[in-house]
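Note sheet for the following structure.
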Amino acid sequence: MGLELYNTLTRKKEVFRPLKEGQVGVYVCGPTVYGHSHLGHAKSYVSFDVLVRYLRYLGYATTYVQNITDVGHLTDDADEGEDKLAMAAQREKMHPMALAEFYTQSYFEDMDRLNCVRPTISPRASGHMTEQVDLIKTLIEKGYAYEANGSVYFEVAKWADYGKLSGRNTEEMLSGTRVNVSAEKKSPTDFALWKKAQPNHIMQWSSPWGMGYPGWHLECSVMSMKYLGTSIDIHGGGLENQFPHHECEIAQSEAVHGAPFVRYWLHNNMVTVDGVKMGKSLNNFITLKEAFAGCHERLSQAYEPLAVRQLILNSHYRSPLDFSDAALHAALSGYNRITATVIAVRKKEGSAPEGPLDEQTNRELDQFRETFETAMNDDLNTSVALSVMFDLVRLANRLLAKDETTQRTLNAVDSMFRKLGGGVLGIVRETYTADRISAAEQNRLAKLVDALMQERKEARERKDFSEADRIRKTLTESDIAVTDEADGTSSWSFK
RNA sequence: GGCGGCGUAGCCAAGUGGCCUAAGGCGACGGUUUGCAAAACCGUUAUUCGUCGGUUCGAAUCCGACCGCCGCCUCCA
């Protein structure tokens with residue numbers, strides 16, 4: 001059985017078949033770069049990162065496009081509203097483009113730390129202005145859009161399929177009280193393709209309709225079609241974007257080309273912090289940099305980025321995820337367990353005896369791979385896939401305890417860690433280095449620790465255990481773990 | 001108000017009609033090991049899946065009611 005994905009369009013799991021044999025185009029709605037990325041971004045982008053990694057694992061040549069929204073759109077569709085990029089720029093006294101650049105770098109930095117593979121293409125909205133204007137022109141020509149007072153709107157009434165993704169109908173929406181009515185629009189449900197800019201609006205571009213800026217939904221249509229074609233295989237994004245963002249994207253795109261815009265719509269669920277929606281006003285807004293550094297009043301410590309990643313993978317992408325200090329702590333413990341085993345396997349590989357691959361182990365590994373793939377094929381059940389990693393850890397530790405375990409056997413185990421834990425889940429690294437401190441500092445520290453370890457060794461030899469324990473306590477308090485081997489030797493490592 | 005989702009052990013979480021007398025992780029508790037630890041390994045930790053009814057030979061899984069929680073409907077991942 002192959003990969004099945006839950007398609008929001010049909011509200012059920014469907015067998016995934018790409019448009020072109022062996023090739024997949026994935027588009028994921030990227031961030032608006034007006035602030036540091038937060039835990040919500042992490043869930044979304046880690047989820048889709050795993051999708052891309054798994055598609056590649058299955059052998060698909062996967063093109064992954066993720067936009068960078070560096071154009072300040074208005075925060076609502078009425079004539080009044082705030083431009084969040086411009087607001088942030090004003091607050092930080094920077095040019096909006098400088099601000100966008102700064103937070104774009106910040107975003108990539110955070111995603112790198114979460115071990116998300118870089119998108120194949122990260123197109124900027126600001127760099128695709130002519131394409132956006134062209135798309136609007138076509139929509140006007142085809143009769144789906146109209147100009148009004150320097151702005152251009154999409155006429156929803158002309159597009160019968162509007163609402164097919166989110167399950168809404170325009171009549172219901174019209175009866176709602178929360179749709180702002182703009183005098184320029186023929187209908188309150190019409191949405192902006194181009195907005196006329198006020199003279200004081202910082203980011204604006206010239207167009208056939210005068211100075212202005214593109215509507216919020218336009219860039220994704222334009223950039224996804226430019227780089228992936230008029231029908232793309234997979235479009236991902238957060239659940240909150242289902243409506244209106246994705247609904248509008250579909251209308252714009254399909255009105256232009258007639259072809260189905262997206263074949264599989266994937267939406268990831270939202271995060272909460274300590275049980276409630278994360279929001280700046282709720283004092284539970286945690287950026288990734290804060291989480292990685294432990295600098296937030298709701299966090300008791302710094303969290304290794306891959307532990308954050310592991311927590312995300314512990315639940316399903318379509319389930320809501322609650323971040324709490326306790327949950328992060330539990331994820332970190334589990335992450336450390338996997339990491340310690342992987343390191344131990346790699347360390348012992350060189351010194352293990354020569355010999356054939358253990359048949360029993362080989363069968364178990366095959367079984368693990370099968371369980372893993374079955375889980376991932378079932379709409380990316382990372383929770384079960386992750387459980388396979390723990391099964392692998394247990395197997396590995398049993399093998400490590402046996403002197404007769406061969407190099408080839410350990411190599412096979414390591415290889416499975418790399419392929420499934422590293423390649424697909426992204427929680428196992430290719431190499432492990434203590435990257436928290438520089439090599440020079442590490443060397444100096446190592447000399448001091450070695451000296452203390454020598455003291456402790458001598459204490460133990462003269463059976464002065466209270467002194468030995470005292471030294472160990474000192475080291476433990478400095479996050480240095482001391483391990484005594486059966487043969488009387490001791491070793492240490494950074495926690 | 002409209003729409004959607006969720007409620008599984010101390011905590012996180014998979015499972016969504018029989019293989020479930022319910023994965024996995026964290027935690028806790030025993031045991032092995034150890035001078036003592038740590039780590040690791042072995043074992044224990046939900047006869048039960050919010051509550052009450054119903055459908056069925058059979059339900060955590062389907063239906064209904066109720067209780068509780070959350071989200072979307074506004075830029076938001």
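So that the names make sense, note that chain A is the first sequence line, chain B the second, and so on, each numbered from 1.
- Contacts of A:D322 with the nucleic acid, taken as non-hydrogen atoms under 4.0 Å apart, are absent.
- Between B:rC76 and B:rG4, the distance separating the two P atoms is 22 Å to the nearest Å.
- If you check every strand for non-hydrogen atoms under 4.0 Å, A:V271 touches a base.
- Separation of the P atoms belonging to B:rA40 and B:rC26 is 8 Å when rounded to the nearest angstrom.
- Note that A:R318 lies in the cation-pi zone of A:Y6, set by a 6.0 Å cut-off to the ring centre and a 45° limit from the axis.
- Residues A:M416 and A:F372 form no side-chain contact, since every pair of their non-hydrogen atoms from C-beta on lies 4.5 Å or further apart.
- In the set B:rA77, B:rC26, B:rA14, the nucleotide with an atom closest to the side chain of A:N268 is B:rA77.
- With B:rC26, B:rA23, B:rA77 as the choices, the nucleotide that has an atom nearest any side-chain atom of A:H38 turns out to be B:rA77.
- Rounded to an integer number of Å, the gap from A:H267 NE2 to B:rC76 C1' is 13 Å.
- Nucleotide B:rC6 holds its C1' atom 14 Å from the CG atom of A:L321, rounded to whole Å.
- Of all heavy-atom pairs spanning A:L299 and A:A291, the tightest one is CD1-CA, 3.6 Å.
- Note on A:G236: nothing from the nucleic acid sits closer than 4.0 angstrom, heavy atoms only.
- With B:rA14, B:rA77, B:rC12 as the choices, the nucleotide that has an atom nearest any side-chain atom of A:S319 turns out to be B:rA14.
- Under the ring pair (Phe, Tyr, Trp, His ring centres under 6.0 Å) rule, A:H217 has a single partner from A:F191, A:Y153, A:F261, which is A:F191.
- Note: CG (A:D49) to P (B:rA77) measures 17 Å, nearest angstrom.
- Comparing the same atom, C1', in B:rG15 and in B:rA9 gives a spacing of 15 Å after rounding to whole Å.
- The separation between A:L311 atom CG and B:rC11 atom C1' is 12 Å, rounded to whole Å.
- In this structure, CD1 of A:I427 is placed 11 Å from C1' of B:rG25, rounded to the nearest angstrom.
- The nucleotide whose nearest atom lies closest to any side-chain atom of A:V276 is, among B:rA23, B:rC26, B:rC70, B:rC70.
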In B/S/- notation (B base, S sugar-phosphate only, - none; protein heavy atoms under 4.0 Å), nucleotides 34-41 of chain B written 5' to 3' is -BBBB-SS
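- Taking the P atoms as reference points, B:rG53 lies 45 Å from B:rC41, given to the whole Å.
- Rounded to a whole angstrom, the distance from the P atom of B:rC72 to that of B:rA65 is 25 Å.
- Backbone-only contact: A:Y45 has heavy atoms under 4.0 Å from sugar-phosphate atoms and none from a base.
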Please report the C-alpha distance between A:D70 and A:S126 in whole Å, then the side-chain angles of each, then the deciding distance to 0.1 Å, and finally whether the side chain to side chain donor-acceptor pair (under 3.5 Å) criterion is met. CA-CA 6 Å; A:D70 59 355; A:S126 63; 2.6 Å; yes
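- Comparing B:rG25, B:rG71, B:rA77 by their closest approach to the side chain of A:K277 singles out B:rG71.
- Other residues, nucleotides and ligands contribute more than 12 heavy atoms inside 6.0 Å of the NE2 atom of A:H296.
- Here B:rG4 presents its C1' atom at 9 Å from CD of A:Q242, a figure rounded to the nearest Å.
- Residue A:N381 places at least one side-chain N or O under 4.0 Å from the OP1 or OP2 atom of B:rG15.
- Separating the NE2 atom of A:H246 from the C1' atom of B:rC76 is a distance of 12 Å, rounded to the nearest angstrom.
- With C1' as the reference atom, B:rC70 and B:rA23 are 25 Å apart, rounded to whole Å.
- Using a 4.0 Å heavy-atom distance criterion, A:G237 is classed as a sugar-phosphate-only contact.
- Ion pair A:E109/A:K289 flagged as a salt bridge, since at least one NZ, NE, NH1 or NH2 atom sits closer than 4.0 Å to an Asp/Glu carboxylate oxygen.
- In plain terms, the two heavy atoms of A:R113 and A:P305 that are nearest each other are O-CB, 3.1 Å.
- A salt bridge does not link A:K457 to A:E467: none of the charged nitrogens lies less than 4.0 Å from a carboxylate oxygen.
- Within the 4.5 Å cutoff, the side chain of A:I427 has heavy atoms near those of the A:I338 side chain.
- Among the atoms of the strands shown, only primed sugar atoms or phosphate atoms (P, OP1, OP2) are found under 4.0 Å from some heavy atom of A:S315.
- When the side-chain nitrogen and oxygen atoms of A:N314 are compared with OP1 and OP2 of B:rG24, none of them lie within a distance under 4.0 Å.
- Summary of the strand contacts: A:K13 and A:L386 both lie near RNA chain B, and taking for each the nucleotide with the nearest heavy atom, the more 5' one is attributed to A:K13.
- Residue A:R11 is the one, among A:R11 and A:S333, whose nearest nucleotide of RNA chain B lies closer to the 5' end (criterion: closest heavy atom).
- Remark: RNA chain B forms stems of 3 or more consecutive Watson-Crick or G-U wobble pairs, all pair distances under 3.5 Å, at B:1-7 with B:67-73, B:10-12 with B:24-26, B:27-32 with B:40-45, B:50-54 with B:62-66.
- Taking atom CG of A:L239 as the reference point, atom C1' of B:rU74 lies 15 Å away to the nearest angstrom.
- Annotation: B:rG50 and B:rA39 have their P atoms spaced 34 Å apart (nearest Å).
- Separating the P atom of B:rA77 from that of B:rC69 is a span of 29 Å, rounded to the nearest Å.
- A salt bridge is defined here as a Lys NZ or Arg NE, NH1 or NH2 lying under 4.0 Å from an Asp or Glu carboxylate O, and A:D484 with A:R456 meets this definition.
- With respect to A:S122, the side chain to side chain contact (heavy atoms under 4.5 Å, CB included) criterion is satisfied by exactly one of A:Y107, A:F108, A:Y64: A:F108.
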